[in-house]
Amino acid sequence: MKGSSFSKINMIFVILCFFTNLRICLGDMNGIGEQPPSKIAIHKTILALHSSASITASPFLLGNKGEDTELVTVEVESPEPTNEDWVGVFSPANLNSSICTPDPGGIGWVETPYTCSAPIKYKYANHSNPNYKKTGKNTLKFQLINQRADFSFALFSGGLSNPRLVSISNFIAFANPKAPVYPRLAHGKSWNEMTVTWTSGYDISEAVPFVEWGPKGGKQIQSAAGTLTFNRNSMCGEPARTVGWRDPGFIHTSFLKELWPNMKYTYRLGHFLSDGSYVWSKRYSFKASPYPGQNSLQRVIIFGDMGRAERDGSNEYADYQPGSLNTTDQLINDLDNFDIVFHIGDMPYANGYISQWDQFTVQVQQISSKVPYMIASGNHERDWPNSGSFYDTPDSGGECGVPAETMYYYPAENKAKFWYATDYGMFRFCIADSEHDWREGSEQYKFIEHCLATVDRKQQPWLIFAAHRPLGYSSNDWYAKEGSFQEPMGRESLQGLWQKYKVDIGFYGHVHNYERVCPIYQNQCVNNEKTHYSGTGNGTIHVVVGGGGSHLSDFTTAPPIWSIFRDRDYGFVKLTAFNHSYLLFEYKKSSDGKVYDSFTISRDYRDVLACVHDGCEKTPLAT
């Protein structure tokens, strides 16, 4: 467990190679924020193992009581301390270089071994201790999660630009690194079906995955699960194929069918091992979805671009989502007061660092294990040049959609085409994929029209459209400079559909702020009200809700006439359908959970049927 057989010289070269490639991989990835390790000039590193330096991690064994997250204490001691010393976290602890190409990225390395694995995160050695430079000693706390492998820590001096490797720690690990963890619920393809997806270290050849579930307090049954994974060759480019690669483990999904509307169920994840024993997760619970059109209280959360952050103060690969934890914590605190979540793209901002997907599923698991966590595809999940994405940008860091499509379930007909319809009681949601062509004549355009056209507005009056990029309206500064106030080509094809089928609200992320637009059609507000809309449905209210947690975006200084409310802050939207005729919209800030913008809609079925401009059924001239 202490790694007595581990070669420190091998670890030295592993770390050197990692950082050299990391600097190159991240240096030209524009549009994804500054990655902290990209500052490290490891090509200047000299080896400085010091017999008087030490770094020790404890406890050696984590998760003795089944925990999947645990704080680790790291004792650091350096005989020549500086304020630029730092500690990196590596997993697996003994990095395997055998599968790496000898010259990734054309770097021209001459020493072996090479590596394709990146550390998970790092901290400065003086973290929370201004006396470190005097004493050379500090105690750091790192929060580790069960990621199917062991961990080690490395101490560097010389700062990020001239690093010197000083010491490497013992190995530590979770008691069962293969345990089933991080459940995420999602709607199946029918209203009375819930899917449960989770991660483990068990291949199907080692153990049979399943879910044990049933009504709360009632008989429990077992449903089999399918198993998927992906490998390095599934990635489209760097860093996902090189230093960002980390084995994702095995992803299991079970389909819980024939659920009774609004009934509470309990479930736990299980694996039946070849020796006849079982491995279990803890027990979770959820409430089944209402029947489509059912008249009951129904509450929906919508946001985009949340990302993730480290609770232990570490720097990691997407260290530019400062509002992420506030949004997560507000939702956890209010978990009993909403029924379903829609995260409309840009989830962990892993950007090719696959370990960050595990970190994200941990961050949201208290939410995703209790309510359906529905997702959409964003540029940071999908986009990569020459990979079939609508935009030829490197924003996914070479992931090209593979981790998102594998680690989360969503009821699409083809998971590579990230569009789908789903019903929740009185709501119909049409989730579009802005990273694939949506224009008139495209396959997705046909899906969007079908989704909008097939809802029965008598029973499901609240029709919602959502996509990651603002296909509607936004007064973000870069859209304003372009003069489009939208994603280019965004609404030209779609506004006719929104008007024809009387879409109530369109939601978007991508722009990291909050903005509400008047009910609008063809750039004209069709209703002058701001807080209450009633009567005939005319025009669609467009909302940017991309302030889930990532770095904030600026507005143009002169707000357009159609912009009703703007807020450059972190937050999310909550929709509450009280019945078939009354809907409440609330925008809440992540910092305090209070409502800062709201409106209501009161509308009867006859108001949906009423004729409006470009929203009328064709009628004959004869009476």
Engineer: How many angstroms lie between CG in Asp329 and CD1 in Ile367, if you round to the nearest 0.5 Å?
Structural biologist: 8.5 Å
Engineer: Run the numbers on Phe342 and Phe429 for ring pair (Phe, Tyr, Trp, His ring centres under 6.0 Å), then give the verdict.
Structural biologist: CA-CA 10 Å; Phe342 286 86; Phe429 295 93; 4.2 Å; yes
Engineer: Using 30° and 60° as the class limits, which term best fits the ring planes of Phe142 and Phe153: parallel, tilted or perpendicular?
Structural biologist: tilted
Engineer: Could you tell me whether Arg308 and Asp358 make a salt bridge, using a distance below 4.0 angstrom between a side-chain N and a carboxylate O?
Structural biologist: no
Engineer: Is the backbone N or O of Gly548 less than 3.5 Å from a side-chain atom of Thr327, with the two atoms forming a donor-acceptor pair by type?
Structural biologist: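 Side chain of Thr327 to backbone of Gly548: a pair is present.
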Engineer: With a 3.5 Å cut-off and no angle check, do the side chains of Asn379 and His468 form a donor-acceptor pair?
Structural biologist: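 His468 and Asn379 do have a side-chain donor-acceptor pair below 3.5 Å.
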Engineer: Both conditions, 6.0 Å and 45 degrees, for the charged tip of Arg469 above the ring of Tyr391: are they met here?
Structural biologist: yes
Engineer: Apply side chain to side chain contact (heavy atoms under 4.5 Å, CB included) to Trp384 and Thr393, showing your working.
Structural biologist: CA-CA 5 Å; Trp384 188 257; Thr393 69; over 6 Å; no
Engineer: Under a 3.5 Å distance rule, please check whether Ser396 uses its side chain to pair with a backbone N or O of Asp383 as donor and acceptor.
Structural biologist: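 Flag set: sc Ser396 to bb Asp383 pair under 3.5 Å.
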Engineer: Do Gln486 side-chain atoms and Gly490 backbone N/O form a donor-acceptor pair below 3.5 Å?
Structural biologist: yes
Engineer: Would you check if Gln330 and Ser591 make a side-chain contact, meaning some heavy-atom pair closer than 4.5 Å?
Structural biologist: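 Not in contact.
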Engineer: Tell me if the centroids of the rings in Trp86 and Tyr124 come within less than 6.0 Å of each other.
Structural biologist: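 So the answer is no for these two rings.
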Engineer: Please test Phe250 against Arg148 for side chain to side chain contact (heavy atoms under 4.5 Å, CB included), starting from the C-alpha separation and ending with a verdict.
Structural biologist: CA-CA 10 Å; Phe250 299 97; Arg148 305 166 303 282; over 6 Å; no
Engineer: Would you kindly check if the NZ (Lys) or CZ (Arg) of Arg184 is within the cone defined by 45 degrees around the ring axis of Tyr408 and under 6.0 Å from the six-membered ring centre?
Structural biologist: yes
Engineer: Can you spot which of Val279, Thr197, Val196 makes a side chain to side chain contact (heavy atoms under 4.5 Å, CB included) with Leu269?
Structural biologist: Val196
Engineer: Report the distance from atom CD of Glu310 to atom OG of Ser324, rounding to the nearest 0.5 Å.
Structural biologist: 10.0 Å
Engineer: Please check if the distance between the ring centroids of His436 and Phe390 is under 6.0 Å.
Structural biologist: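 No, ring centres 6.0 Å or more apart.
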Engineer: His512 side chain to His551 main-chain N or O, any donor-acceptor pair under 3.5 Å?
Structural biologist: yes
Engineer: Whether the Ser91 and Arg246 side chains hold a donor-acceptor pair (N or O, under 3.5 Å, no angle test) is what I'd like checked.
Structural biologist: yes
Engineer: Under the side chain to side chain contact (heavy atoms under 4.5 Å, CB included) rule, what do Tyr349 and Asp305 come out as? Steps first, then yes or no, please.
Structural biologist: CA-CA 8 Å; Tyr349 289 84; Asp305 305 76; 3.1 Å; yes
Engineer: Classify the ring geometry between His542 and Tyr508 as parallel (under 30°), tilted (30 to 60°) or perpendicular (over 60°).
Structural biologist: parallel
Engineer: Could you check if a side-chain atom of Pro248 sits within less than 4.5 angstrom of a side-chain atom of Thr406, using non-hydrogen atoms only?
Structural biologist: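 In short, these two side chains do not touch, never coming nearer than 4.5 Å.
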Engineer: Any idea how Phe360 and Tyr373 line up, ring-wise: parallel (<30°), tilted (30 to 60°), or perpendicular (>60°)?
Structural biologist: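 Correct class here is perpendicular.
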Engineer: Side chain to side chain donor-acceptor pair (under 3.5 Å) with Ser434: which residues, sequence neighbours excluded?
Structural biologist: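 Residues passing side chain to side chain donor-acceptor pair (under 3.5 Å) with Ser434: none at all.
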Engineer: Calculate, to the nearest 0.5 Å, the distance between atoms CD1 and OG1 belonging to Ile251 and Thr229 respectively.
Structural biologist: 6.0 Å
Engineer: Quick one: pull up CZ in Phe447 and CD1 in Ile431 and give me the separation to the nearest 0.5 Å.
Structural biologist: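 Rounded to the nearest 0.5 Å, the CZ-CD1 separation comes to 8.0 Å.
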Engineer: Decide yes or no on side chain to side chain contact (heavy atoms under 4.5 Å, CB included) for Ile204 and His252, but give the supporting numbers first.
Structural biologist: CA-CA 10 Å; Ile204 192 70; His252 315 282; over 6 Å; no
Engineer: Mind checking whether Tyr267 and Phe286 have parallel, tilted or perpendicular rings, split at 30° and 60°?
Structural biologist: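 Tilted: the ring planes of Tyr267 and Phe286 meet at 30° to 60°.
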Engineer: When you look at CG of Asn386, are more than 12 heavy atoms from neighbouring residues, nucleotides or ligands closer to it than 6.0 Å?
Structural biologist: no
Engineer: Rounded to the nearest 0.5 Å, what separates atom NZ in Lys123 from atom CG in Leu140?
Structural biologist: 6.0 Å
Engineer: Please determine whether the number of non-hydrogen atoms from other residues, nucleotides or ligands lying under 6.0 Å from atom NZ of Lys282 exceeds 12.
Structural biologist: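 Result for NZ/Lys282: open.
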Engineer: When you look at CD of Glu206, are more than 12 heavy atoms from neighbouring residues, nucleotides or ligands closer to it than 6.0 Å?
Structural biologist: yes
Engineer: Give a yes or no answer on whether the side chain of Ser377 reaches the backbone of Asp433 with a donor-acceptor pair at less than 3.5 Å.
Structural biologist: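 Checking the backbone N and O of Asp433 against the side chain of Ser377, no donor-acceptor pair under 3.5 Å is found.
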Engineer: Does NZ or CZ of Lys415 come closer than 6.0 Å to the centre of the six-membered ring of Tyr410, within 45° of the ring's axis?
Structural biologist: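 Yes, Lys415 lies over the aromatic ring of Tyr410.
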Engineer: Would a distance-only check, ignoring hydrogens and angles, find a side-chain to backbone donor-acceptor pair under 3.5 Å from Glu435 to Gly378?
Structural biologist: no
Engineer: State, with a plain yes or no, whether a side-chain heavy atom of Glu399 is found less than 4.5 Å away from one of Ile354.
Structural biologist: yes
Engineer: Under the rule for side-chain contact (heavy atoms from CB on, under 4.5 Å), what residues qualify as partners of Asp592, not counting sequence neighbours?
Structural biologist: Lys589, Lys594, Tyr596
Engineer: Flag the pair Trp198 / Tyr182 as yes when their ring centroid distance falls below 6.0 Å, and as no otherwise.
Structural biologist: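 No, ring centres 6.0 Å or more apart.
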Engineer: Does a side-chain N-to-carboxylate-O contact under 4.0 Å join Asp554 and Arg568?
Structural biologist: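 The answer is yes: the pair qualifies as a salt bridge.
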Engineer: With the side chain counted from C-beta on, respond yes when Ser314 and Val89 share a heavy-atom pair under 4.5 Å apart, and no when they do not.
Structural biologist: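 Not in contact.
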Engineer: Cut-off 3.5 Å, side chains only: do Asn351 and His380 have a donor facing an acceptor?
Structural biologist: yes
Engineer: Do Phe255 and Tyr409 have ring centres separated by under 6.0 Å?
Structural biologist: yes
Engineer: Using ring centroids (six-membered ring only for Trp), state whether Tyr353 and Trp245 fall under 6.0 Å.
Structural biologist: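 Centroid separation for Trp245 and Tyr353: 6.0 Å or greater.
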Engineer: Any non-hydrogen side-chain atom of Gln143 less than 4.5 Å from a side-chain atom of Thr69?
Structural biologist: yes
Engineer: Consider side chain to side chain contact (heavy atoms under 4.5 Å, CB included). Of Val543, Leu552, Val544, which one does Tyr514 pass it with?
Structural biologist: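 Only one option passes, and that is Val543.
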Engineer: Report the distance from atom CG of Leu144 to atom CG of Asp68, rounding to the nearest 0.5 Å.
Structural biologist: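 So the CG of Leu144 and the CG of Asp68 are separated by 12.0 Å.
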Engineer: With a 3.5 Å distance limit and no angle check, can you tell me whether Asp150 reaches the backbone of Ser152 through a side-chain donor-acceptor pair?
Structural biologist: no
Engineer: So, do Cys400 and Met235 sit near enough that their side-chain heavy atoms are less than 4.5 Å apart?
Structural biologist: no
Engineer: Would you kindly say whether Asn476 and Ser474 are connected by a side-chain donor-acceptor distance under 3.5 Å?
Structural biologist: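 Checked: Asn476/Ser474 side chains show no N/O donor-acceptor pair below 3.5 Å.
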Engineer: Answer yes or no: is there a side-chain heavy-atom contact under 4.5 Å between Phe507 and Ile464?
Structural biologist: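 Side-chain contact under 4.5 Å: yes.
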Engineer: Do the charged groups of Arg382 and Asp395 touch, with an N to O distance under 4.0 Å?
Structural biologist: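 So Arg382 does not pair with Asp395 through a salt bridge.
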Engineer: Ignoring hydrogens and geometry, is there a side-chain-to-backbone donor-acceptor pair from Asp85 to Gly159 under 3.5 Å?
Structural biologist: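 No, the answer is negative, given that no donor and acceptor are paired below the 3.5 Å cut-off.
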Engineer: Grab the two heavy atoms, one from His127 and one from Asp312, that are nearest each other, plus how far apart they are.
Structural biologist: NE2-O, 4.0 Å
Engineer: Any salt bridge (charged side-chain N to carboxylate O under 4.0 Å, His left out) involving residues 359-379? Give me the pairs, sequence neighbours left out, ordered by first then second residue.
Structural biologist: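 Salt bridge (charged side-chain N to carboxylate O under 4.0 Å, His left out) check on residues 359-379 returns Asp336-Lys370.
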Engineer: Do the non-hydrogen side-chain atoms of His187 and Ile340 ever get within less than 4.5 Å of each other?
Structural biologist: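 Yes, side chains in contact.
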